[in-house]
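To find a chain, count down the sequence lines: A is the first, B the second, and so on, and within it residues start at 1.
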Amino acid sequence: MSQLSLTDSDREEMLAAIGVSAVDELFQDIPEGVRFRRDLDLEPALSEPELVRHLEELAGKNVDTTKELSFLGAGIYDHYVPAVVDAVLQRGEFLTAYTPYQPELSQGVLQAIFEYQTAICELTGMDVSNASGYDGMTVAADACYVAKHSTGRSKVVLAETLNPQVRQVVKTYAPGFGLEVVEVAHEGGTIDPATLREAAEDAACVVFQQPNFFGILENAPELAAAANDAGAMPIAHVDPVSLGVLEAPGNYGCAMAIGEGQGAGNYQSYAGPHYGFLASKADYVRRLPGRIIGETTDLNGDRGYVLTLQTREQHIRREKATSNITTNQTLLALGGLVQLSWLGPQGLREVGETCMSLAAYAKEQVGLPLAFPAKPNFKEFAVRLSRSAREVIAAAREHGVHPGYPVGRDYEGMDDVLLIAVTEKRSPADIDRLAHVLAEVRA
Amino acid sequence: MSQLSLTDSDREEMLAAIGVSAVDELFQDIPEGVRFRRDLDLEPALSEPELVRHLEELAGKNVDTTKELSFLGAGIYDHYVPAVVDAVLQRGEFLTAYTPYQPELSQGVLQAIFEYQTAICELTGMDVSNASGYDGMTVAADACYVAKHSTGRSKVVLAETLNPQVRQVVKTYAPGFGLEVVEVAHEGGTIDPATLREAAEDAACVVFQQPNFFGILENAPELAAAANDAGAMPIAHVDPVSLGVLEAPGNYGCAMAIGEGQGAGNYQSYAGPHYGFLASKADYVRRLPGRIIGETTDLNGDRGYVLTLQTREQHIRREKATSNITTNQTLLALGGLVQLSWLGPQGLREVGETCMSLAAYAKEQVGLPLAFPAKPNFKEFAVRLSRSAREVIAAAREHGVHPGYPVGRDYEGMDDVLLIAVTEKRSPADIDRLAHVLAEVRA
Amino acid sequence: MDLIYEKSKPGRRASTLPRYDLPAAEVPEDLRRAEPPRLPELAEPELVRHFTELSTRNFGIDTGFYPLGSCTMKHNPRVNERLVMLPGFKDLHPHQEESGAQGALELMWRLQEILKEVAGLHACSLQPAAGSQGELTGLMLMRAYFEDIGEGDQRDTIITADTAHGTNPASVTMAGYNLQKVATDARGNLDLDDLRSKVNERTAGLMLTNPSTLGLFDEHIEEVATIFHDAGSLLYYDGANLNAVCGISRPGDMGFDIVHINLHKTFAQPHGGGGPGGGPIVVRDILEPFLPVPAIVQDGDRFRLDHDRPKSIGKVRGFTGPFGVFVRSYAYIRAYGPALREMSEVAVLNANYLLAKLRVAYDLPYDRLCMHEFVLSARSLKREHGVTALDVAKRLMDYGYHPPTIYFPLVVPEALMIEPTETEPKERLDGFVEAMLAIAREAAEEPRLVLDAPRSQPVSRLDEVKAAKRAVLKYGFEDHPDLSGEVGEARQLEAQKGA
Amino acid sequence: MDLIYEKSKPGRRASTLPRYDLPAAEVPEDLRRAEPPRLPELAEPELVRHFTELSTRNFGIDTGFYPLGSCTMKHNPRVNERLVMLPGFKDLHPHQEESGAQGALELMWRLQEILKEVAGLHACSLQPAAGSQGELTGLMLMRAYFEDIGEGDQRDTIITADTAHGTNPASVTMAGYNLQKVATDARGNLDLDDLRSKVNERTAGLMLTNPSTLGLFDEHIEEVATIFHDAGSLLYYDGANLNAVCGISRPGDMGFDIVHINLHKTFAQPHGGGGPGGGPIVVRDILEPFLPVPAIVQDGDRFRLDHDRPKSIGKVRGFTGPFGVFVRSYAYIRAYGPALREMSEVAVLNANYLLAKLRVAYDLPYDRLCMHEFVLSARSLKREHGVTALDVAKRLMDYGYHPPTIYFPLVVPEALMIEPTETEPKERLDGFVEAMLAIAREAAEEPRLVLDAPRSQPVSRLDEVKAAKRAVLKYGFEDHPDLSGEVGEARQLEAQKGA
Ligand SMILES: Cc1ncc(COP(=O)(O)O)c(C=O)c1O
Ligand SMILES: Cc1ncc(COP(=O)(O)O)c(C=O)c1O
């Protein structure tokens with residue numbers, strides 16, 4: 001077996017040193033009754049060439065965004081991942097290391113994550129970021145947990161324009177966290193600050209999304225103000241790619257900013273692994289979940305980095321920990337750092353601008369009625385179809401175009417609504433093709 | 001531009017330090033008459049995402065061996081390249097270094113090539129190997145040049161069963177090298193030792209291929225003997241993949257062994273970059289072309305590696321050098337070392353055995369008359385078709401199968417001969433499909 | 001080494017992006033970004049150099065031996081990195097129609113079948129993102145199950161071992177349960193008397209790692225299971241140590257009802273400097289209705305996502321879990337096939353060999369054959385020479401080894417928790433033994449060598465106390481503090497490092 | 001560090017391979033391998049570690065500044081590595097029918113068109129594998145051309161500059177020509193009088209690098225061209241220094257008839273520790289009929305290989321050249337577009353900046369503005385302090401820099417040939433300046449620091465004389481000699497290192 005190095009003579013010497021005559025004897029402490037007597041019922045071993053062929057066949061059964069002109073978004077986006085990201089993430093010293101518990105021989109990852117935390121704070125206008133959460137959904141539950149402990153309140157308010165899966169994850173965590181979840185309906189595709197203000201009464205936090213699930217720009221500053229007014233923590237779920245053109249949540253009164261990092265440095269990869277980011281104002285630092293890297297010095301006064309504020313964490317505080325997370329998404333967050341460093345402030349702004357003009361162009365070209373007229377969009381917008389979105393999608397895919405996400409999957413009475421997403425990888429010509437195909441299939 | 005780092009202020013400071021006011025002044029030594037006045041007539045710059053898309057489109061116009069079941073060989077083979085080869089070759093310290101002129105900070109490449117030289121010597125049974133030649137063709141010309149200087153004779157004898165491109169390259173080099181090239185016709189697909197013996201009279205060397213271009217095993221020991229008998233250096237052009245099952249040329253009297261390394265560690269890549277290997281018995285070491293790494297010690301007596309015997313080389317000996325080669329194929333040779341280390345003696349033998357039994361199986365299944373009956377093959381064999389190979393190939397490709405190489409391209413009167421190659425990547429089921437399609441198209 | 005922000009200069013960039021000639025779409029004034037984020041500004045050459053240099057200041061399995069106990073730092077086969085980069089996988093959108101994702105669904109379905117066979121249980125969900133989330137999900141399943149049978153309020157307590165990993169109690173709290181701890185007996189098994197005294201009608205279940213974090217297989221696991229099942233409670237298996245028993249003893253057969261599997265441990269997902277991971281859970285049939293949605297099911301020769309699970313707890317993560325991790329782990333297992341048992345056998349053989357060689361120089365709290373890992377104690381070194389487990393760990397760096405997990409499990413003072421994994425050749429084990437024995441000698445003869453270690457790394461011992469006190473958690477640009485001024489010592493918590 | 005053979009153990013392997021159940025095919029007795037080759041035997045984990053560790057003992061552009069004169073060690077954009085791995089490129093068989101290789105043929109055709117524009121000439125062949133093979137090919141073209149016009153026997157001499165790279169004279173010999181050298185004048189141009197005295201009816205042509213290996217543009221290049229053309233001879237342009245003049249001055253416009261282009265220099269093919277490279281040649285129309293076969297031609301909207309070139313010299317390499325190199329260089333140029341000129345401008349700016357800063361501490365043999373590189377001399381350091389160019393080079397390693405090319409070109413004693421390339425930021429240049437000035441100071445104040453350098457590398461100065469004397473050129477297994485016994489010193493040839 002290509003992974004194992006022991007030769008027969010190695011085994012003999014080792015068994016002798018241990019003082020047993022056969023490997024089986026090493027398992028003598030396992031009670032007879034629970035020993036597994038047969039061979040595992042698994043398919044025969046595949047050699048490396050066969051393995052590659054087998055998985056190429058499986059991969060070949062998928063229609064990915066290189067095979068189909070796709071306008072799917074709804075939380076995961078086909079943004080361009082530069083080659084430098086692959087190059088860095090394949091460095092074995094990063095790829096095959098684990099959590100930097102021992103800082104002296106882990107300065108590479110530690111410094112990188114410190115740089116990542118800085119980038120997330122710059123994007124969001126926050127004071128502190130953790131080293132990553134599992135994804136853009138679980139960080140929302142984490143944030144609500146922080147809010148509960150910070151405010152002593154248990155009600156959490158979720159905007160209905162917040163990604164449905166995010167809301168579903170919060171609801172799943174709620175019983176254990178002791179949270180009461182309230183949702184605020186949207187009005188014409190956005191949340192009305194006044195309505196939110198009412199719902200926020202006695203709430204620990206309010207979570208809204210900017211740009212929201214329909215790709216529309218909420219009046220985020222007013223939503224944050226409404227929450228603050230009620231003494232609830234405003235938590236913004238943001239698209240990192242938008243933060244070159246959209247104001248940082250930290251600059252309009254939010255207590256925390258969270259989001260899905262995928263669009264900034266990770267492949268779509270059928271939803272993972274990706275990283276969720278979580279950042280807050282300084283007041284909440286000791287309640288944050290997960291790893292946090294801090295700067296310090298060594299014996300000689302030289303600068304170095306270490307895991308810090310570990311008294312928040314499960315391995316030190318156990319049942320009193322702020323979270324149970326240990327293995328996180330460091331490698332993907334590193335991908336995020338590399339991507340954001342590749343983009344720089346200039347590039348990030350350009351991507352945002354390009355997405356916005358492409359979306360505007362697409363609205364025009366597609367020429368279908370907007371589900372929510374007269375609202376500003378970022379890179380995504382919803383249109384009403386003449387029939388069910390599922391039918392239109394099926395028909396369009398026959399022409400090699402995936403036109404978008406069927407909103408009816410998550411929202412009552414919106415079976416005829418299609419959510420169309422663009423990224424900088426979609427050219428005006430691609431959009432013309434989309435428009436053409438949608439017309440073709442009489443969408 | 002993503003490759004350039006100079007900011008405007010950088011430029012200002014630098015121009016000031018130089019003492020000029022504009023970059024143009026730096027070119028003042030270029031005579032007016034030869035300055036280029038217009039912009040280069042090149043297509044507009046492509047951003048990285050556009051560049052990837054453009055090249056994906058070009059790549060998409062090719063039908064590679066993942067898109068078509070291919071039995072093409074004739075010198076380049078679809079052997080499996082393990083993932084470890086990619087991983088090693090992408091290490092920036094290897095990828096972006098150059099010739100290890102300064103050994104102290106180049107021990108990585110130097111040791112690796114020393115290990116490569118050892119592997120080639122083990123494969124071929126020779127005493128010394130260079131660090132690589134351009135490909136399997138140019139090393140033949142190099143070897144003839146070595147032979148000319150070693151023997152003082154200028155006639156070189158080439159077996160007609162030697163890869164036609166190899167012969168063509170030798171002939172192209174011949175005028176400059178002062179070589180007279182003689183070819184020995186094959187008899188029934190192999191070279192007759194007696195005929196070769198005659199041709200070898202007064203020759204500097206004899207170059208034959210094992211397995212030969214038709215995939216047939218020559219009686220190599222007797223060919224070597226015939227050459228030696230005439231005082232000509234026997235030079236074997238060998239397939240590295242075959243040397244786990246076939247005897248090493250050094251063990252049956254050859255003076256040199258050369259070959260195309262592609263099958264051992266490089267992708268087909270439309271023929272390059274690959275590495276050519278060149279190895280010889282000790283007597284010829286000071287006449288060999290190219291880099292050679294040697295072991296030595298440092299000031300403290302510790303072991304280290306350096307470029308050695310450089311008095312053979314152009315940068316020291318200039319017009320008296322054994323060759324003009326400087327940039328060679330080191331990275332590809334490194335790929336060869338990794339692949340051979342991955343295989344090990346056991347794996348190499350298995351690949352050889354598998355190729356041979358697949359070829360035997362294919363002969364049977366295809367069931368077409370052999371161009372050269374009753375001869376042992378390695379991984380390739382030639383069949384006679386009912387019509388021109390080109391037609392059969394075109395027809396078979398309609399069915400998604402590329403059945404092989406049309407021998408008529410190189411040999412008179414063999415338009416109806418097809419050379420079918422297998423590797424360990426072709427399964428018996430693949431071969432059944434080939435047989436089926438050949439029947440289908442009435443080959 | 002400078003931070004990337006310290007190498008940044010306005011106007012530089014590594015990115016080139018498409019610019020289409022379209023009218024600009026304006027962001028409403030009040031939503032527009034006022035100040036651009038201060039992201040790094042470097043051209044590609046320095047970007048590549050920065051991360052290349054950072055990587056050379058990091059120790060991975062590719063660098064050398066990494067016996068970090070409980071983390072199963074085995075070699076990560078390179079072919080898996082090739083597979084995960086296939087466009088059909090890496091560029092697949094998770095909202096793709098099922099008809100366009102058959103390969104992905106089939107792969108996940110196949111992986112579920114494999115994990116069920118390995119765990120000896122009936123249903124699987126791949127959704128949890130890591131072991132700790134698997135734990136939390138498992139506890140959510142218990143809650144849902146007991147509510148379904150009307151014992152939801154009654155059963156409010158989860159029992160864990162005092163050897164348990166910190167995630168267990170943390171998960172208990174997050175799941176809204178009360179925690180009760182059970183002691184370990186002299187042989188390192190659960191203390192059955194203590195256990196019996198604590199299990200009752202309020203007990204929702206047990207969370208146990210078996211083999212335990214001591215690397216010992218609980219010799220009374222059958223009685224343990226009976227005690228809980230008789231009380232109507234459930235058993236949760238923390239699969240962090242599954243690498244010891246694949247094909248040798250199955251959690252389901254041991255009596256566990258819920259199992260999480262750390263794909264980044266047993267099944268070779270690279271640890272990536274802290275993640276990603278995967279924490280699929282496998283459960284007994286009675287718990288299947290409560291698994292997260294969507295379920296991945298087979299319909300004839302097609303595969304689909306089933307959202308129609310009325311009793312489901314919901315979703316613990318987006319979509320269907322970290323797919324790339326599944327690709328690697330599936331490929332890893334397919335490369336072994338039924339011989340997977342050999343993986344565990346060699347892991348256990350390597351561990352026992354190290355144990356046999358090291359027990360002469362370090363204390364062995366539980367004198368038994370170990371499974372895939374074992375725990376030594378530096379307590380005598382500390383008492384006699386003032387050399388702690390932390391010091392031993394630091395000194396190992398000078399010998400070119402990553403330290404083992406230290407100060408865990410908590411029941412062992414000055415713990416050194418050593419897990420070699422099956423992918424280490426004997427030569428590496430022998431080298432490590434030499435280093436460990438040399439360090440024990442140095443502790444006696446030249447303690448400063450150990451106390452001042454490491455000397456071989458880019459930094460010497462770092463001051464964790466100062467880091468926590470100053471809490472400098474991001475780069476401050478012009479206002480960035482210079483900590484080198486203030487006094488600092490090598491103050492490091494003698495607390496769990498690893499696992 | 002051990003050799004991979006020293007880590008090998010019988011029975012280990014990293015490979016797993018398909019085994020089909022087919023009858024074994026026997027190798028005839030007399031052809032069968034008797035003794036298996038002693039290839040390394042390691043499992044994958046140690047294989048990966050071995051090469052990972054080797055890589056950390058090597059200095060590349062990704063590691064730091066690499067001003068190896070004449071080698072144009074510029075950053076290699078990572079996207080090119082992604083592109084070359086596209087299956088449509090890497091898995092394409094060179095014998096694929098033209099209908100199945102249209103993308104490859106189109107890419108090569110497009111690259112030819114680009115190189116023609118950059119060189120200012122009319123026809124291109126991508127076949128040569130490197131610059132030196134381009135040279136040889138160019139000389140073969142001259143021979144074919146002159147034979148075609150009946151002057152084949154008459155013209156038997158090639159003229160090169162005394163500053164020429166070693167490949168030039170070596171190519172002349174390999175091409176069967178006689179060599180004649182022309183001197184360099186006080187300003188670093190070709191000495192026109194010497195030249196006139198040597199060009200005659202026996203002269204086949206000139207081989208020249210312009211800018212020269214001194215980094216100086218020949219101010220009389222027009223006269224030079226006239227002299228040769230008037231004599232009926234041809235001019236060959238050694239393109240190694242093309243990085244200085246892209247879009248600024250074209251070889252064809254300078255009067256050259258044949259040009260080779262080093263794709264691994266000007267157009268960023270990674271150097272790979274010594275290669276691969278690419279050496280396409282571009283020629284004036286009169287030479288087109290003699291180019292190697294096959295030619296890549298456009299036919300309407302299709303592309304094909306044209307083998308029907310009766311006057312062709314034949315083939316200098318297999319197939320159509322190193323395709324992967326073409327992919328990288330084509331992509332590299334497309335990323336610049338018409339702004340390619342900027343690449344050369346910055347290369348020249350960087351070089352002149354370094355020159356301005358370093359001339360204070362090192363001798364400058366030719367006091368002119370330089371192009372993309374320049375040559376200093378350590379002659380005063382040697383005379384005054386016994387510190388040679390070799391010593392300066394070694395000491396630079398301790399400062400974290402790759403040394404420049406030394407002892408070349410031969411016309412400059414103690415030469416230090418420095419080429420920063422355009423991809424270096426000012427900070428790197430300034431750091432290098434500091435190091436060079438510091439070394440000059442050390443030479444005066446603490447020469448041993450320089451003479452005993454390097455101290456920062458895995459080995460100290462290596463004994464090249466011993467290596468050549470003992471000629472241990474492969475591992476000898478049980479018979480491998482131990483050279484450490486014998487006395488050795490840091491005997492290194494004070495001869496060309498680099499270029
Ligand atoms: C015993 C044990 N349980 C649980 C965990 C948590 O698993 P994960 O890190 O995948 O969340 C770990 C590892 O960290 C562990 O060692
Ligand atoms: C001036 C000069 N000419 C020719 C060559 C030879 O080119 P190559 O190394 O590509 O064969 C080189 C580089 O080695 C060079 O610097």
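- Checking Tyr134(A) against Ser132(C) by side-chain atom types alone, a donor-acceptor pair falls below 3.5 Å.
- Between Arg291(A) and Glu313(A) there is a salt bridge, since a side-chain N of the basic residue sits under 4.0 Å from a carboxylate O of the acidic one.
- For Thr99(A), the parts lying near chain C are the backbone and the side chain together; criterion is any non-hydrogen pair under 4.5 Å.
- In terms of heavy-atom pairs under 4.5 angstrom with chain C, the leader among Glu350(A), His402(A), Glu13(A) is Glu350(A).
- For the side-chain contact (heavy atoms from CB on, under 4.5 Å) test, residues two or more places apart in sequence or in another chain that qualify with Ala331(C) are Leu51(A), Leu55(A), Asn80(C), Leu83(C).
- With a threshold of 4.5 angstrom between heavy atoms, Leu31(C) approaches chain A through its backbone and through its side chain.
- Of the atoms belonging to Arg368(C), it is side-chain heavy atoms, and not backbone ones, that fall under 4.5 Å from chain A.
- Looking at Asp10(A), the atoms closer than 4.5 Å to chain C (heavy atoms on both sides) sit in the backbone and in the side chain alike.
- Interface summary for chain A: among Asp91(C), Val472(C), Val348(C), Thr63(C), the most heavy-atom pairs under 4.5 angstrom belong to Asp91(C).
- Contacts between Met254(C) and chain A at a heavy-atom distance below 4.5 Å involve backbone atoms as well as side-chain atoms.
- In terms of heavy-atom pairs under 4.5 angstrom with chain A, the leader among Ala356(C), Ser249(C), Ala129(C) is Ser249(C).
- When heavy atoms are compared at a cutoff of 4.5 Å, Arg470(C) does not approach chain A at all.
- Interface residue Pro28(C): only side-chain heavy atoms are found under 4.5 Å from chain A.
- Proximity to chain A is limited to the side chain of Glu44(C), based on heavy atoms less than 4.5 angstrom apart.
- Heavy-atom pairs under 4.5 Å with chain C were tallied for Glu43(A), Glu115(A), Gln168(A), Lys61(A); the largest tally goes to Glu115(A).
- Note: Met174(C) leads Glu41(C), Met174(C), Arg57(C), Arg13(C) in heavy-atom pairs under 4.5 Å with chain A.
- Judged as a side-chain contact (heavy atoms from CB on, under 4.5 Å), and not counting sequence neighbours, the contacts of Gln496(C) are His315(A), His165(C), Phe408(C), Ala499(C).
- For Ile114(C), the parts lying under 4.5 angstrom from a heavy atom of chain A are both the backbone and the side chain.
- Looking at Lys74(C), there are no atoms closer than 4.5 Å to chain A (heavy atoms on both sides), in backbone or side chain.
- Side-chain contact of Gln457(C) with Lys394(C): a donor-acceptor pair under 3.5 Å is absent, judged by distance alone.
- In this structure, the portions of Tyr475(C) lying under 4.5 Å from any heavy atom of chain A include both its backbone and its side chain.
- Contacts with chain C were tallied for Pro103(A), Pro100(A), Ser129(A); Pro103(A) has the most, counting heavy-atom pairs under 4.5 Å.
- Using a 4.5 Å cut-off between heavy atoms, Met1(C) contacts chain A through both its backbone and its side chain.
- Thr354(A) and Arg19(C) are linked by a side-chain donor-acceptor pair at a separation below 3.5 angstrom, with hydrogens and angles left out of the test.
- Contacts between Val325(C) and chain A at a heavy-atom distance below 4.5 Å involve backbone atoms as well as side-chain atoms.
- When Ser357(A), Pro82(A), Ala271(A), Gly92(A) are compared by the number of non-hydrogen pairs under 4.5 Å with chain C, Ala271(A) comes out ahead.
- Proximity to chain A (any heavy atom under 4.5 Å) is shown, for Leu139(C), by neither the backbone nor the side chain.
- A donor and an acceptor atom, one from each side chain of Thr173(C) and Glu319(A), are nowhere located under 3.5 Å apart.
- Looking at His402(C), both its backbone and its side chain come within 4.5 Å of chain A, counting heavy atoms on both sides.
- The parts of Pro18(C) that come within reach of chain A are both its backbone and its side chain, each placing non-hydrogen atoms under 4.5 angstrom from that chain.
- Shown here for Val346(C) and Glu422(C), the closest heavy-atom pair between the two residues is CG1-O, 3.5 Å.
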